[in-house]
Amino acid sequence: MSAVGDIPRTTVDRRTVLSVLRRLRSPEGQSNPLPLWEEFRRLGDVVPAPWGGYFLTGYDVCNQVLRDRAWHVPDFAWQDRQADPGRWGAAATREMGGTLSRLNAPAHTCQRRALGNPFDRSTLQDLAPVVAGHVDTLLDDLAERLEAEGEADFLATVAEPLPIRTVGHWLGLPPEDHARIVDFAHRQVFAQELTPTRSQLEISAGASAEMRAYFTELIAGRRAAPGEDALSGWIRHWDAAHPDDPAAADHVLYHLTMFITIASMETTATTMSNAVWLLGRDPGRWAWLREHREFVDGAMEETLRYDPPVHLTSRYASEDTELAGVPMPRDTMVHVLYGAAAHDPRRNPDPGAFDPTRDGTHLSFGGGAHYCLGAALARLEIRTLLARLLERFPTLRPVSAPAYAPRMVFRRVTSLKVTSTSLAAAA
């Protein structure tokens with residue numbers, strides 16, 4: 001593997017990297033990570049991590065790792081070779097090891113081929129009126145709260161309920177279970193953090209046990225009474241693929257259903273909230289987009305670029321290789337920094353400007369074999385929501401900046417208060 005682009009080589013002090021990481025977790029860093037991405041980029045495209053391995057900051061080198069099949073996701077085999085059983089042998093960490101996000105070929109290839117494209121054009125056409133209906137219902141709730149109280153929490157009222165209602169409809173998840181699913185998903189995600197504490201892993205272990213019990217019961221019930229939803233189709237496929245080994249079918253079905261459900265929620269909700277913040281904090285920008293709605297997609301993509309809903313993802317070298325001139329022995333882990341890559345001025349000029357007309361590029365849905373399975377669905381939800389918000393809330397404004405959870409991997413908005421001085425007559 002050879003170098004990509006003009007790669008600066010620097011000697012990096014461990015304390016410098018630790019300082020950037022600490023500040024990235026802080027409320028200030030979560031509120032505005034852009035200066036910290038810039039600090040990372042100034043250290044080079046390949047930055048030594050304090051615990052070993054490297055952070056990747058440049059767009060081209062990040063893109064290369066995401067697309068090159070020689071770089072693997074940290075699967076069970078990699079975890080079992082590590083010297084920290086407390087981290088990699090933890091129950092919650094192992095629970096995620098069977099999901100698509102932690103499988104390499106050939107297991108990953110087999111499952112992806114069996115799934116095909118679950119959100120193809122036909123499926124999206126079927127889901128479009130469903131999503132539009134959910135959006136209108138939730139915006140009715142938002143309007144009622146704004147009229148009654150003057151302000152409302154956009155995250156709790158709209159952005160968080162929409163993804164679980166959408167995936168819930170597609171999989172046939174009972175609406176009365178939605179709040180429970182969102183709750184254990186928020187708690188389980190600690191196990192996917194870069195350096196989780198022991199207490200966080202314990203919280204995740206409890207959430208993982210709840211997830212397994214819930215989805216195991218769900219699959220058994222759906223097998224007994226199948227319908228026309230996606231989960232029923234998966235059950236028919238995997239039961240036929242393993243007619244003599246029902247445990248193997250259940251193993252795949254559990255991890256597919258659990259992963260796709262929880263992966264579809266936080267990232268989409270955060271992107272929706274970030275879009276409202278980035279567009280609405282400037283009244284002129286919101287008004288301009290209302291007059292130029294052909295740029296709704298541009299605003300969505302610029303939100304994904306400007307503030308990605310995932311800070312980083314990790315890969316390891318499946319063989320001795322070299323990356324950007326740096327030797328990488330087998331099993332070396334690298335962390336792809338999506339935000340730093342998206343703000344690389346060599347790829348996106350003037351990256352600190354939020355510009356819905358920008359024809360820019362980003363890696364927020366990943367790349368290669370592990371490109372986000374639900375990217376098209378997330379775009380449908382975000383696009384539909386933005387279009388209806390612009391129509392129904394001409395003067396929607398954030399009351400203050402979003403609040404974020406102190407995380408390193410998955411960015412999560414926990415609150416975004418909004419207000420509006422008027423509602424459109426169409427509402």
Side-chain angles (χ1 to χ4, degrees), residues 99-101 111-142 154-155 157-179 181-182 185 215 218-219 222 225-238 253 255-276 293-294 296-301 303-304 309 364-366 371-392:
T99 65
L100 276 170
S101 66
Q111 288 196 24
R112 283 298 294 252
R113 283 178 178 170
L115 281 170
N117 180 5
F119 301 111
D120 59 13
R121 180 175 297 182
S122 175
T123 300
L124 292 177
Q125 287 176 343
D126 290 341
L127 283 173
V130 175
V131 172
H134 290 324
V135 167
D136 285 338
T137 298
L138 293 169
L139 293 188
D140 287 344
D141 295 342
L142 179 65
F154 182 81
L155 183 280
T157 308
V158 179
E160 191 165 73
L162 179 56
I164 183 59
R165 291 189 186 188
T166 300
V167 76
H169 171 88
W170 184 62
L171 289 175
L173 306 177
E176 61 269 21
D177 294 347
H178 290 180
I181 295 169
V182 170
F215 287 109
L218 177 74
I219 291 165
R222 194 63 48 83
E228 297 304 316
D229 53 85
L231 175 54
S232 296
W234 294 347
I235 291 171
R236 286 189 285 268
H237 172 87
W238 290 104
L253 287 165
H255 283 99
L256 276 178
T257 310
M258 176 268 285
F259 174 69
I260 289 178
T261 300
I262 67 173
S264 68
M265 297 188 301
E266 280 195 359
T267 51
T268 305
T270 289
T271 302
M272 291 172 179
S273 298
N274 281 341
V276 169
R293 299 188 196 183
E294 67 273 20
V296 164
D297 272 15
M300 171 177 63
E301 298 299 330
T303 299
L304 287 162
S364 297
F365 289 120
Y371 184 79
C372 177
L373 194 66
L377 178 63
R379 285 185 165 115
L380 172 64
E381 293 176 277
I382 298 164
R383 177 188 301 118
T384 304
L385 176 62
L386 281 179
R388 292 296 286 142
L389 276 170
L390 290 164
E391 179 180 347
R392 294 188 56 174

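Residues: numbered from 1 along the sequence shown. Side-chain atoms are counted along with the backbone in the values below, which use heavy atoms only and exclude waters and symmetry mates.
With 3.5 Å as the limit, one finds no donor-acceptor pair spanning the side chains of Thr271 and Asn274. Using a 3.5 Å distance cut-off with no hydrogens or angles, the side chains of Thr123 and Asp120 do pair a donor with an acceptor.
Shown here for Ala159 and Ser273, the closest heavy-atom pair between the two residues is CB-OG, 3.5 Å. Nearest heavy atom pair, residue Thr267 against residue Pro309, reads O-CB, 3.5 Å. Among all heavy-atom pairs drawn from Arg165 and His178, the shortest one is CA-CE1, 3.8 Å. Closest approach of Thr268 to Ala378, counting heavy atoms only: OG1-CB, 3.8 Å. Scanning all heavy atoms of the two residues, the minimum distance from Leu171 to Arg222 falls at O-NH1, 2.8 Å. Across all their heavy atoms, Leu253 and Ile235 have their closest contact at CD2-N, 3.7 Å.
Heavy-atom neighbours of Glu228 CD from other residues, nucleotides or ligands within 6.0 Å: at or below the threshold of 12.
Not one N or O on the side chain of Thr99 forms a donor-acceptor pair closer than 3.5 Å with the backbone of Phe259. Ser264 places a side-chain N or O within 3.5 Å of a backbone atom of Thr261 that can act as its donor or acceptor partner.
Aromatic ring pairs are classed by plane angle as parallel below 30°, tilted from 30° to 60° and perpendicular above 60°; the pair Trp170 and Phe119 is tilted.
From His255, atom NE2 reaches atom CD1 of Ile260 across 12.5 Å, with rounding to the nearest 0.5 Å. Summarising the geometry, atom CZ belonging to Arg388 is positioned 12.0 Å from atom CG belonging to Leu142; distances are rounded to the nearest 0.5 Å. Here CG of Leu373 is found 11.0 Å from OG of Ser101. Values are rounded to the nearest 0.5 Å. Note that CG of Leu100 is 5.0 Å distant from CD of Gln111, once rounded to the nearest 0.5 Å. Atom OG1 of Thr257 and atom CD1 of Ile262 lie 11.5 Å apart (nearest 0.5 Å). To the nearest 0.5 Å, atom CG of residue Leu304 and atom OG1 of residue Thr270 are 11.0 Å apart.
Side-chain contact check for Leu138 versus Thr157: every heavy-atom pair is 4.5 Å or farther apart. No side-chain heavy atom of Val158 sits under 4.5 Å from any side-chain heavy atom of Met272. Contact check for Trp234 versus Leu115: side-chain heavy atoms found under the 4.5 Å cut-off. Within the 4.5 Å cutoff, side-chain heavy atoms of His169 are placed close to those of Leu127. Between Arg392 and Asp136, some side-chain heavy-atom pair lies under the 4.5 Å cut-off. Residues Leu389 and Phe154 have side chains in contact (heavy-atom distance under 4.5 Å, counting atoms from C-beta outward). By the 4.5 Å heavy-atom criterion applied to side chains, Pro163 and Glu381 are counted as neighbours.
No option in Thr166, Leu385, Val130, Val131 other than Val131 meets the side-chain contact (heavy atoms from CB on, under 4.5 Å) test with Leu380.
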| query | Between Ile382 and Thr303, is a side-chain contact (heavy atoms from CB on, under 4.5 Å) present by the stated rule, with each step listed? | reply | CA-CA 10 Å; Ile382 298 164; Thr303 299; over 6 Å; no

